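Treat the numbers as computed from the prediction; the structure is a model and nothing was measured. Worth knowing before you read on, the calculation uses all heavy atoms, side chains too, and leaves out hydrogens, waters and symmetry mates. So that the names make sense, note that chain A is the first sequence line, chain B the second, and so on, each numbered from 1.
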Number of protein chains: 2
Amino acid sequence: MLMNVKKKITISDVAEKAGVSKSTVSQYINQRYKYMSSETKERIERVINELNFRPNDNARNLKVKKTKVVGILVANILHTLSTEIIQIVEDRLQHNGMKAFVCNSADDPEKEKEYIDLLIAKQVDGIIIFPVGNDYTVYNYLINYSIPIVFVDRLVDGITTDSVLLDNHAASFLAVSTLAEKGHENIAFFTLPIDFPVTPRIERIDGYKKAMAACQLKLREELIFSISKDKIQDALQNCLHFNKPPTAIIAGNDLVLLQILKYLKKNNVSVPEKMAVIGIDNVLYADLYEPSITTIAQPIQQMGLKAAELLLDRIKNESQHPFITYRFAPEIVERNSI
Amino acid sequence: MLMNVKKKITISDVAEKAGVSKSTVSQYINQRYKYMSSETKERIERVINELNFRPNDNARNLKVKKTKVVGILVANILHTLSTEIIQIVEDRLQHNGMKAFVCNSADDPEKEKEYIDLLIAKQVDGIIIFPVGNDYTVYNYLINYSIPIVFVDRLVDGITTDSVLLDNHAASFLAVSTLAEKGHENIAFFTLPIDFPVTPRIERIDGYKKAMAACQLKLREELIFSISKDKIQDALQNCLHFNKPPTAIIAGNDLVLLQILKYLKKNNVSVPEKMAVIGIDNVLYADLYEPSITTIAQPIQQMGLKAAELLLDRIKNESQHPFITYRFAPEIVERNSI
DNA sequence: CTGAAAGCGCTTACAG
DNA sequence: CTGAAAGCGCTTACAG
C-alpha cells in the first residue's frame, strides 16, 4: 500500500483512465455538471476515487486568481487573545467557503516580513494581521498587490486600512475610575516595554494619564512602569518602599498581571486590603485566584466577527468605501481584588 | 499610491524592463549568480525593487516539487500545549529554511479533512498533525501522496507513522504512586469523554488502573469519570457523598483541572487537607493558586524538537527507516496541593 | 554569460 | 454534451 516514490496523479491520468478529455475532468472538478451526461460524471467520479486524485492548487491558482484562502498572521501565537480571535475568524471564513493559514511571527519583525512575502507568493485572497513590526513598507507590499488587509489589536504608523481593536483609552479609564471610586489615589500602572510603538501599551498608558486627570487624581510619573516581564517583580518590590507607595495596581495585560500576582502572593501582600489589583485582559484563572481578580475584558467575539466581516467585504466586492478603525468597548468584570 | 486594480508584476515585466530574458531573471531570483555579470545582477535587482516584484510561488511550485512549507494541523488551537509545541517546531523549521502554515481543525474531523485536502493541494512538503479524527482513510491520502506526516499527542488506529507523545502510562503512574505514598487510597480520576478514542485520555485511564494495581490499591470503577467539561463539577459534588469519598483527585488534563479547582474553591473544600489534587499538564497558574498545584508536566521542548526533527528527516532524505513512536517521560512538579 | 523553448497541471473560451 | 488549444508564471536543460 505504502510506496515511497509515487508519481503524483494528474488530471491527465484521470482523463485517460476515464476515457474523456482533460477539459471534461476539469468541468467535473469544478462542479459544472450542466452539460455532462450522468454516465460521464459517474465514470469520472469513480476514477478519481480509484486513483485518489487531488487537483494541484498551484496549477489551478495560476489560472484562477482567487485562492479561497486567507492568511492570519499573528504577532505571537502564545497569546490567548490571538488564538481566541483566530478561532472566531476562522469560523466566519468557513461559512464563506474560505480557509485560513495561520502564520506565527513570534514577535519577530523579520519573520513577519518573511511570512508576508510567503502569503503574497501563495496568492492568498486577504490577510488578517496582528502586526509586530513598525516598518510600514512591509505592509505596503500588500497594499501594492491589492491584497486586502485588516489589522487587529495593533495599528501601524503610515498604513491606513480596516482595523479592529480595543478602545484602550476606555479600558484604562474604566480601571482608574473604578479604583478612584473606592478611594484609591496612588494607582500604579504596569505594562510591557514600548521601545517601539505597540498600540495597546501606548494607548493604555495614555488612557491612564487622562483618566487620572479626569478623576482629579495627581499623576505621579514614577508610578508608571513600562518594563520587560522579568523586571516587573523587582520594580514592584521597589515601589512599595516609596514614601507614598501605591495602594492599587493596574496590570496592562495578562502577562503583567501574572508577574504581579506572583510577587504579591510570594510576599504575602494581602489583596485587596494592602493592594488592590485590576487586570486588563481577561484571564482563565481570574475566578480561581484568592481573591478572585477584577478584570477588564475585550469583547473578543465581536472583535473576531468584525475582523472577518471587514476582510470578507473587501475580498468580495472590491468595495471602495474608506478604511475604518473600529474600537470596541471594554467590559469590566468585578470580582474581589479591589 | 494605492490603486485598486493593479496588474500583478510578473517575471516577464521584470525581464523586459531590465532588458534581459526571463531565464536570466529566474537565475537571479534563485540566486544562481555564477555566470551572471555584476551589471546584469544589479540591473535586475534594481528593477525588482522598483516594480516591487514578488515571484508567484504557485507557478514556481508547478515546476519545482519542493515548496519549503510544512503544514501544522492542530486539533484545537486553543490548547496551550499545541501553541507551545507549534512555537518550538516552527523555530526548528526556520533554521532549516522552511516555514509553517498552521491550520486549526477546531476539534472537527470534517474541518480536519478539508485542511488535509488543502495542504495536499498546496503541495506542502510535510505535515505535523495533532489528529482529531479516527478515520484512518483521511490520513492515508497523505501517505498515498508520499507526504511525510508526524503525529503529535495522539495516535490513529490503522496509521503507522512517526509519532511523538507523552508516556501517558508513566504520567498516571507518577500521579497515583505519589498520592499512594502520602497514604491516599481512594483516588478519583477525572478526564474528558472518550466517545471516540482519544489517545491521551484512554492511555491515562489505563495507566491509572495499572498504577492502582501496582500500588496495591483497590480499583473502584466508580471513581473514574470520563465526562464532558460542564458535567465535571456535578460529578465531583456527587462523589463527595459516596460512603467512601475520594481523598485525592487526579485531573486528566488542564481543562479538567480548572473545573475541579473551581468546584473546590466555590465549596471551600480545603486542599490538600480534605482533598489532594494533582493535575496532568502544567498550567500557567499552578504557582498562583492557593495552595499551589502539584502538576505532571509534558517535556514540551523536547517533544517539539523531536517532532520537527522527525519531519525534517523524512522530508530531506527519503529515509526508509521504520516508523517510530517516541514516548516522552513526564515530570512531576511537586507543589502544595498534595 | 545569456536566451529560446518546452513543460509543470490546471482552466476556459470556443468550436463542433 | 465533449475536446483541442492557448495560456497562467515560473524553471531548467541546452545551445550558443
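- Taking the side chain of B/Ser23 as heavy atoms from C-beta on, and the options D/dT12, D/dT11, C/dT12, the nearest nucleotide is D/dT12.
- Between B/Ser37 and C/dT2, a side-chain N or O to OP1/OP2 separation shorter than 4.0 Å is present.
- Rounded to a whole Å, the CE atom of A/Met36 is 10 Å from the P atom of D/dC1.
- Summarising the geometry, the separation between OH on A/Tyr28 and P on C/dT11 is reported as 13 Å, rounded to the nearest angstrom.
- Checking D/dT11, C/dG3, D/dC8 against every side-chain atom of A/Leu62, the shortest atom distance belongs to D/dC8.
- Set against C/dG9, D/dT11, D/dG9, the side chain of B/Val64 has D/dT11 as its closest nucleotide.
- For D/dA4, the OP1/OP2 oxygens have no side-chain nitrogen or oxygen of A/Ser21 closer than 4.0 Å.
- OP1 and OP2 of C/dG9 both lie 4.0 Å or more from every side-chain N or O belonging to A/Thr10.
- The side-chain tip of B/Lys306 does not point at the ring of B/Phe328 from less than 6.0 angstrom away and within 45° of straight on.
- Rounded to an integer number of Å, the gap from CD1 of B/Ile11 to P of C/dG7 is 19 Å.
- Between D/dT12 and B/Arg32, a contact under 4.0 Å exists linking OP1 or OP2 to a side-chain N or O.
- Separating the CG atom of A/Asn58 from the P atom of D/dT11 is a distance of 13 Å, rounded to the nearest angstrom.
- Stacking of A/Lys41 on the aromatic ring of A/Tyr28 is not recorded, the 6.0 Å distance cut-off and the 45° axial limit not both being met.
- The nucleotide whose nearest atom lies closest to any side-chain atom of A/Lys63 is, among D/dT11, D/dT2, C/dC10, C/dC10.
- Side-chain N/O atoms of A/Ser26 include one lying less than 4.0 angstrom from OP1 or OP2 on C/dT11.
- Put simply, the residue from A/Lys99, A/Arg54, A/Lys68 that forms a salt bridge (charged side-chain N to carboxylate O under 4.0 Å, His left out) with B/Glu114 is A/Lys99.
- Ring-centre distance between A/Phe130 and A/Phe151: not below the 6.0 Å cut-off.
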